[in-house]
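Have a look at the structure below, then the notes.
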2 protein chains.
Amino acid sequence: MQLAAHRHEPDYSPRQNAVLDSALRLLVDGGEKALTTAGVARAANCSKESLYKWFGDRDGLLSAMIGFQASKVRTFDDDARALTAATLHDHLVVFARDLLEVLSGDVSLALNRLAIGQASRDGSKLGSMLQERGRRQIGKRAGALLEAGRKASLLVFDDRDEAYDTLYGLVVSDLHLRMLLGEDSARITKDFGRRAERAVSAFLRLYGREKNSAKP
Amino acid sequence: MQLAAHRHEPDYSPRQNAVLDSALRLLVDGGEKALTTAGVARAANCSKESLYKWFGDRDGLLSAMIGFQASKVRTFDDDARALTAATLHDHLVVFARDLLEVLSGDVSLALNRLAIGQASRDGSKLGSMLQERGRRQIGKRAGALLEAGRKASLLVFDDRDEAYDTLYGLVVSDLHLRMLLGEDSARITKDFGRRAERAVSAFLRLYGREKNSAKP
DNA sequence: TGCGAACCGTACCGTACGGTACTGTCAATG
DNA sequence: CATTGACAGTACCGTACGGTACGGTTCGCA
């Protein structure tokens with residue numbers, strides 16, 4: 001019995017985590033089509049029977065994979081004390097870069113494709129899982145940052161979610177979708193740094209308390 | 001031999017268009033899993049043999065479906081002559097609303113899910129097709145509008161694509177992805193009008209030639 | 001009237017996948 | 001040593017799907 005009491009999501013044994021890791025790798029470089037139960041068993045050197053004992057059925061395996069991956073990408077809280085205009089700007093840029101890095105990651109893209117593929121069927125809480133574990137988590141980090149900025153009288157907004165939505169749109173735009181559609185990642189040029197700067201600059205022009213309207 | 005000479009995409013007979021229509025309907029309310037060749041044949045009252053004769057194989061059918069749908073959503077050019085600050089604002093809002101409407105459409109969502117699902121496999125030009133036929137087309141409309149705004153000294157920007165990217169992000173943010181993931185559309189509340197207003201207001205504050213910085 | 005093309009409906013084939021059952025092996029426990 | 005449980009490996013089953021083949025029907029046309 002572990003310390004984390006309020007966790008109703010089941011945690012898995014090291015062996016099972018290794019299996020989930022193999023499954024993720026298989027998904028990443030083979031797509032959903034390659035993610036067969038036999039394939040996972042072969043890649044992980046385990047038996048199909050064990051897979052079904054541990055995860056119930058294929059959907060259970062998929063859920064476990066999402067949960068496992070989410071548990072690895074725990075968003076760290078960058079403490080935002082002693083916030084000045086400059087440090088707020090820097091924190092926001094770091095956040096934007098992190099966001100872009102996460103969204104463009106192999107595993108993230110593969111899991112999003114998987115969840116979207118399952119979204120049409122009934123039930124299939126994969127989408128909401130990804131939503132909850134992914135955007136919600138990273139959104140909390142951004143929310144805290146924005147709130148700190150408001151507390152320090154560096155940002156002005158009424159609705160925090162609205163402000164975050166704007167920030168997200170400025171940073172990501174349709175880049176995520178284009179990557180999900182398989183656009184040649186060479187064209188995404190990966191200059192996330194410049195993109196993050198641009199987005200944060202625009203965001204501060206919208207929500208910043210004047211005077212930080214730097215020319216592009 | 002039709003008049004449109006420079007079109008290398010094959011057009012299909014009325015009968016075949018009807019079949020594609022049935023296939024789209026089947027896809028919309030059943031997901032990719034329901035889109036089997038037998039299912040399409042049954043829904044369209046045609047034989048599988050005809051399907052294969054007309055479209056080659058399953059992938060050919062999918063491509064044809066995307067092309068067919070794209071041909072129906074031809075983006076109209078709203079003429080942007082005599083542009084004032086007010087009319088530019090209105091044109092932009094209309095554009096934003098149209099964009100949200102298109103992206104949230106049943107068929108659009110289903111096709112995007114389909115293309116994303118296929119994006120992992122090799123080749124599978126579905127993603128780029130959707131990209132080319134969808135965003136590129138509607139992007140041309142926006143680009144023309146932005147260019148007109150600049151010509152009329154109502155907008156200020158160097159890179160038109162960059163400005164469009166900003167506008168797109170402000171309007172859509174991650175709404176598209178959330179819908180693709182199957183988020184309960186009740187939560188999307190569908191107040192596209194308000195969202196469009198907000199986004200355009202922010203966009204004009206960023207790229208407008210001052211004086212139109214209306215308070216929220 | 002006869003002929004051929006297009007096409008529907010259906011049967012058929014090979015294969016691949018999800019899920020189950022069985023056998024053998026290893027390790028811990030007493 | 002005997003027992004028990006966890007697990008790998010594999011064979012197996014039912015089903016569903018992509019793709020093909022074939023008989024029967026309609027329609028245009030000479």
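Lettering follows sequence order; numbering is per chain, from 1.
Boundaries of the chain B contact region on DNA chain C are C:dC7 to C:dG9, first to last in 5' to 3' order (nucleotide atom under 4.0 Å from a heavy atom).
With sequence neighbours excluded, the residues that form a side chain to side chain contact (heavy atoms under 4.5 Å, CB included) with A:Glu162 are A:Asp159, B:Arg194, B:Arg198. Contacts of A:Gln137 classified as side chain to side chain contact (heavy atoms under 4.5 Å, CB included), with partners at least two apart in sequence or in another chain: A:Thr75, A:Lys140. With sequence neighbours left out, the side-chain hydrogen bond (donor to acceptor under 3.5 Å, both in side chains) criterion links A:Ser104 to no other residue. Shown here are the salt bridge (charged side-chain N to carboxylate O under 4.0 Å, His left out) partners of B:Arg160, two or more places apart in sequence or in another chain: B:Glu147. With sequence neighbours excluded, the residues satisfying ring-ring contact (aromatic ring centres under 6.0 Å, His included) with B:Tyr207 are B:Phe203.
Around CG of B:Asp158, the count of heavy atoms belonging to other residues, nucleotides or ligands within 6.0 Å does not exceed 12.
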Which protein N or O atoms sit under 3.5 Å from an N or O of nucleotides 6-10 of chain D?
{"unit_1": "D:dC7", "atom_1": "OP2", "unit_2": "A:Trp54", "atom_2": "NE1", "d": "3.4"}
{"unit_1": "D:dA8", "atom_1": "OP1", "unit_2": "A:Arg15", "atom_2": "NE", "d": "3.4"}
{"unit_1": "D:dA8", "atom_1": "OP1", "unit_2": "A:Arg15", "atom_2": "NH2", "d": "2.6"}
{"unit_1": "D:dA8", "atom_1": "OP1", "unit_2": "A:Asn45", "atom_2": "O", "d": "3.4"}
{"unit_1": "D:dA8", "atom_1": "OP2", "unit_2": "A:Ser47", "atom_2": "N", "d": "3.2"}
{"unit_1": "D:dA8", "atom_1": "OP2", "unit_2": "A:Ser50", "atom_2": "OG", "d": "2.7"}
{"unit_1": "D:dA8", "atom_1": "N7", "unit_2": "A:Ser47", "atom_2": "OG", "d": "3.4"}
{"unit_1": "D:dG9", "atom_1": "O6", "unit_2": "A:Glu49", "atom_2": "OE1", "d": "3.4"}

Contacts under 3.5 angstrom, residues 65-73 of chain A side chains, donor-acceptor by atom type, not counting sequence neighbours:
{"unit_1": "A:Ser71", "atom_1": "OG", "unit_2": "A:Phe68", "atom_2": "O", "d": "2.6"}

Enumerate donor-acceptor pairs with a distance under 3.5 Å from any side-chain N or O in residues 32-45 of chain A to protein atoms, sequence neighbours excluded.
{"unit_1": "A:Glu32", "atom_1": "OE2", "unit_2": "A:Gln118", "atom_2": "NE2", "d": "3.1"}
{"unit_1": "A:Thr36", "atom_1": "OG1", "unit_2": "A:Gly39", "atom_2": "N", "d": "2.8"}

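Take the nearest nucleotide of DNA chain C for A:Lys33 and for B:Arg42: the residue whose nucleotide is more 5' is B:Arg42.
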